[in-house]
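One structure is given here, and the rest of the page talks about it.
FYI, side chains are in, hydrogens and waters are out, and symmetry mates aren't considered; it's all heavy atoms of this structure. Just so it is clear: chains get the letters A, B, ... in the order the sequence lines come, proteins before strands, and each one is counted from 1.
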Number of protein chains: 2
Amino acid sequence: MRSVSDLTARARIRDAALARFGTDGIAGTSVRAVAADAGISPALVVHHFGSKDGLRQACDDYVLDSIRSGGEAASEALGEVLQAATPVRRYLARALLDDTPAARALFAEIVERTETWLETGEAEGWVRTSADARARTVTYVSWLLAPLVLGDHVGRLLGGDPAETATAVRGARAGLEMLTNGLFADDRWLAAFTAIDERNSR
Amino acid sequence: MRSVSDLTARARIRDAALARFGTDGIAGTSVRAVAADAGISPALVVHHFGSKDGLRQACDDYVLDSIRSGGEAASEALGEVLQAATPVRRYLARALLDDTPAARALFAEIVERTETWLETGEAEGWVRTSADARARTVTYVSWLLAPLVLGDHVGRLLGGDPAETATAVRGARAGLEMLTNGLFADDRWLAAFTAIDERNSR
DNA sequence: CTGATTATTGAACGTCTGTTTAGTCCGCGT
DNA sequence: ACGCGGACTAAACAGACGTTCAATAATCAG
């Protein structure tokens, strides 16, 4: 029953909403616009989803499922979503900014998974030790998500189509390079930061 | 004339709009709500700014000026904005997502400034060489901006108040650590990525 | 003090919003 | 054949939206 209706109108509405919400924002999208994109009447979307907020929740659930079912490793699944599904990408960025409950849960979940992943790496010796492991994980995850949120700007400045895979790969490679070799050749900035930090806390 | 009126109603409207736009989004904010926050009538905001879009442009200009006048070094000025002015921070994040012309210009400008800064560092030996300098700069800037856009999530996961300075400092320090020492102790991920990349392009 | 310019408002406009209601259509079990 | 439930719609609702307009209050040059 679910899968049958999921191939028809209900899914079309959800997909249209995902795209619209992603590009125009949730507040900037009207139920009528979604209905028009899906080729149905505005009354049908509330028949299927109860309300506009119900539709948004359905989008949240769909995106979460897409990511969770994408694989085991957080970075892999995210990487795929990041490169492939542009509407999902945009929606996710909006949801993260709008502080949707689903986005909140997703962020926490990614951080948790990444934390254990980094801990494993640390134990096995391919991840360096850190003075503040938690802060490092959270910062690392925010860096992972950065091109997702700022994808358009990154893409534009890297020339070419923001949606094109090659552009995203270029950025990802540059990031990996920084995370492997480091960006700075000496610790002048880290030392300077530590100095300022100590002066402030003293 | 400008400075006189800028201390009174006009400035109050702009500040109220900045805060509202930042938290609720531009489309999610009504002129009436801004007017109520500023303690004036809705008709006055259109008298001063022409339209809602005019108000948004005024906010854009104000934020750009705030950042540009903040200092010479891009990272310093950004760092201050990132830590201090929360409403500006939130507004900037929204503007970057909504692809405002001002946000577009700002991003390009930061990238340009950072590019020359990194080139200097490379010449002076405190920045490592890169296989793709442009991609590295853009990625680095997106990482700089990441805690700005995802500040709430980062702050929440790092415990404590997201607006509190100490939280932001913790994240910044962790980031600096990764950029100085690297995150990965060997090049297994970089090598793996390169391998996949070559396979795909072949 | 007068006149003109500006700041500010209340009320109204037309449009768009999310949602409701009453109803039609169609497939399916009995 | 019948009726029943779900998909679907046109029309309407009340409210919020951005904006306009005429009018009042404040400001300031002469």
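- When each of A:Arg32 and A:Gly39 is assigned the nucleotide of DNA chain D with its nearest heavy atom, A:Gly39 is the one assigned upstream, toward the 5' end.
- The nucleotide whose nearest atom lies closest to any side-chain atom of A:His48 is, among D:dG18, C:dT19, D:dA7, D:dA7.
- For the pair B:Arg56 and B:Phe49, the cation does not sit on the ring face, since its NZ or CZ is not both under 6.0 Å from the ring centre and inside 45° of the axis.
- Here the C1' atom of nucleotide C:dT19 and the CG atom of A:Leu44 are 14 Å apart, to the nearest Å.
- Counting to the nearest Å, the P atom of C:dA7 and the CZ atom of B:Phe49 are 12 Å from each other.
- Each of D:dT19, D:dA7, C:dG18 was ranked by its minimum atom distance to the side chain of A:Lys52; first place goes to C:dG18.
- Rounding to the nearest 0.5 angstrom, the gap separating the OG1 atom in A:Thr139 from the CZ atom in A:Arg134 is 11.0 Å.
- Residues B:Arg170 and A:Asp132 are paired through a salt bridge, judged by an N-O separation under 4.0 Å between the basic side chain and the carboxylate.
- Between the P atom of D:dG6 and the CZ atom of A:Arg10 lies a distance of 14 Å, rounded to the nearest Å.
- Among the nucleotides D:dG18, C:dT20, C:dT9, the one closest to any side-chain atom of A:Ala43 is C:dT20.
- Closest contact between the side chain of B:Ile40 and the listed nucleotides C:dT19, C:dT9, D:dG18 involves C:dT9.
- Candidate nucleotides C:dA7, C:dT20, C:dG10 were compared by shortest atom distance to the side chain of A:Val46, and C:dT20 ranks first.
- As rounded to whole Å, 13 Å separates atom C1' of C:dT9 from atom CD1 of B:Ile13.
- A:Tyr62 carries A:Arg14 over the face of its six-membered ring, with the cationic atom under 6.0 Å from the centre and within 45° of the normal.
- The CG-P distance, from B:Asp24 to D:dA16, rounds to 16 Å in whole Å.
- Evaluated for a side chain to side chain contact (heavy atoms under 4.5 Å, CB included) with B:Leu18, the options B:Val88, B:Val34, B:Leu55, B:Leu92 yield exactly one hit, B:Val88.
- Within the 4.0 angstrom heavy-atom criterion, only backbone atoms of the sugar-phosphate kind lie near A:Ser30; the bases stay farther away.
- The side chain of B:Ser41 approaches C:dT9 more closely than any other nucleotide in the set D:dC8, C:dT9, C:dT19.
- What separates CZ of B:Arg20 from C1' of D:dC17 is a distance of 15 Å, to the nearest Å.
- A close approach under 4.0 Å does not occur between any side-chain nitrogen or oxygen of A:His47 and OP1 or OP2 of D:dC8.
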